[in-house]
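Working notes, structure below.
Throughout, residue positions are numbered sequentially from 1 according to the sequence presented. Worth saying up front: this structure is predicted, and the values here are computed from it rather than measured. Reckoned from all heavy atoms, side chains included, excluding hydrogens, waters and symmetry mates.
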Amino acid sequence: QVQLVESGGGSVQAGGSLRLSCAVSGYTYSRYCMGWFRQTPGKEREGVARISTAGTRTYYADSVKTRFTISRNNADNTMYLQMNSLKPEDTAMYYCAASYNCVSASLASTTWWNYWGQGTQVTVSS
């Protein structure tokens, strides 16, 4: 049974930092590319960051580039999202996702992402 469990969300003031974690079990973690998405009520889920299977390639949405850093540890099946200089517009439910089709999976769409976590809420106040 595949499980992705996010943690680390919370409330922070603008300019602050949070570190999200995604613990993975139930499959060969190192064979999957991983990503972070976020969603606010009434809006589509949007891609935030993506990382390759070995962690050597990373991709970011323009809105978070230079502020967020995605990383993974294949030894303990965990992925991270370090979020710095947070803004109120970063407020959202954050989801981790896994895909075994790393050629097709992208931040532009939720298509090709095979597994999802339940989400962790991030709230940034001004």
Measure the CZ-SG distance between Arg57 and Cys33 for me, rounded to the nearest 0.5 Å. 9.0 Å
Counting C-beta onward and ignoring hydrogens, is there a side-chain heavy-atom pair between Val48 and Tyr60 closer than 4.5 Å? no
Please determine if Arg72 forms a cation-pi arrangement with Tyr29, meaning its NZ or CZ atom is less than 6.0 Å from the six-membered ring centre and no more than 45° off the ring axis. yes
Minimal non-hydrogen separation, Ser63 against Arg38, with atom names: OG-NH2, 3.5 Å
Could you measure the distance from the OG atom of Ser25 to the CD atom of Gln1? Nearest 0.5 Å is fine. 8.0 Å
Considering only heavy atoms from C-beta outward, does the side chain of Met34 approach that of Cys22 to under 4.5 Å? yes
If you group Ile, Leu, Val, Met, Phe, Trp and Tyr by side-chain heavy-atom gaps below 4.5 Å, do Tyr94 and Ile70 land in one group? yes
Is it the case that the side chain of Glu6 and the backbone of Gln118 share a donor-acceptor pair, with hydrogens and angles ignored and the cut-off at 3.5 Å? yes
From CE (Met93) to OG1 (Thr123), nearest 0.5 Å: 8.5 Å
Common cluster, Val2/Tyr32, ILVMFWY with side-chain heavy-atom separation under 4.5 Å: yes
Does Arg45 make a cation-pi contact with Trp116, if we ask for NZ or CZ under 6.0 Å from the ring centre and within 45° of the axis? yes
Is the closest side-chain heavy-atom distance between Leu20 and Phe68 below 4.5 Å? no
Over all heavy atoms of both residues, which pair between Thr56 and Ser52 is shortest? Give the atoms and the distance, please. N-OG, 3.2 Å
Counting C-beta onward and ignoring hydrogens, is there a side-chain heavy-atom pair between Thr69 and Asn84 closer than 4.5 Å? no
Does a donor on one side chain and an acceptor on the other come within less than 3.5 Å for Asn73 and Thr78? no
Within this structure, what is the SG-CH2 distance for the pair Cys96 and Trp113, rounded to the nearest 0.5 Å? 10.0 Å
State, with a plain yes or no, whether a side-chain heavy atom of Ser17 is found less than 4.5 Å away from one of Met83. no
So which atom in Val124 and which in Thr91 form the shortest heavy-atom distance, rounded to 0.1 Å? N-OG1, 2.9 Å
Lys87 with Asp90: basic N within carboxylate O range, under 4.0 Å: no
Just jot down the ring pair (Phe, Tyr, Trp, His ring centres under 6.0 Å) partners of Tyr95, sequence neighbours excluded, or say none. none
What residues, two or more places apart in sequence or in another chain, satisfy ring pair (Phe, Tyr, Trp, His ring centres under 6.0 Å) together with Tyr115? Tyr27
Given side chains that start at C-beta, do those of Val122 and Leu18 come closer than 4.5 Å, heavy atoms only? yes
Does the side chain of Met79 reach to within under 4.5 Å of the side chain of Ile51, using non-hydrogen atoms? yes
Arg19 NZ/CZ over Tyr80 ring centroid, <6.0 Å and within 45° of normal: yes
Would you check, one step at a time, whether the test side-chain contact (heavy atoms from CB on, under 4.5 Å) holds for Gln3 with Val24? CA-CA 6 Å; Gln3 274 194 315; Val24 176; over 6 Å; no
Those residues at least two apart in sequence (or on a different chain) that pass ring pair (Phe, Tyr, Trp, His ring centres under 6.0 Å) with Tyr59 are none
Atom CD of Glu44 and atom CD of Glu46: how far apart are they, to the nearest 0.5 Å? 10.0 Å
Of all heavy-atom pairs between Trp36 and Ser21, which one has the smallest distance, and what is that distance? CH2-O, 3.6 Å
What is the distance from atom CD of Gln121 to atom OG1 of Thr40, rounded to the nearest 0.5 Å? 9.5 Å
Ser30 vs Thr53 side-chain heavy atoms within contact, under 4.5 Å: no
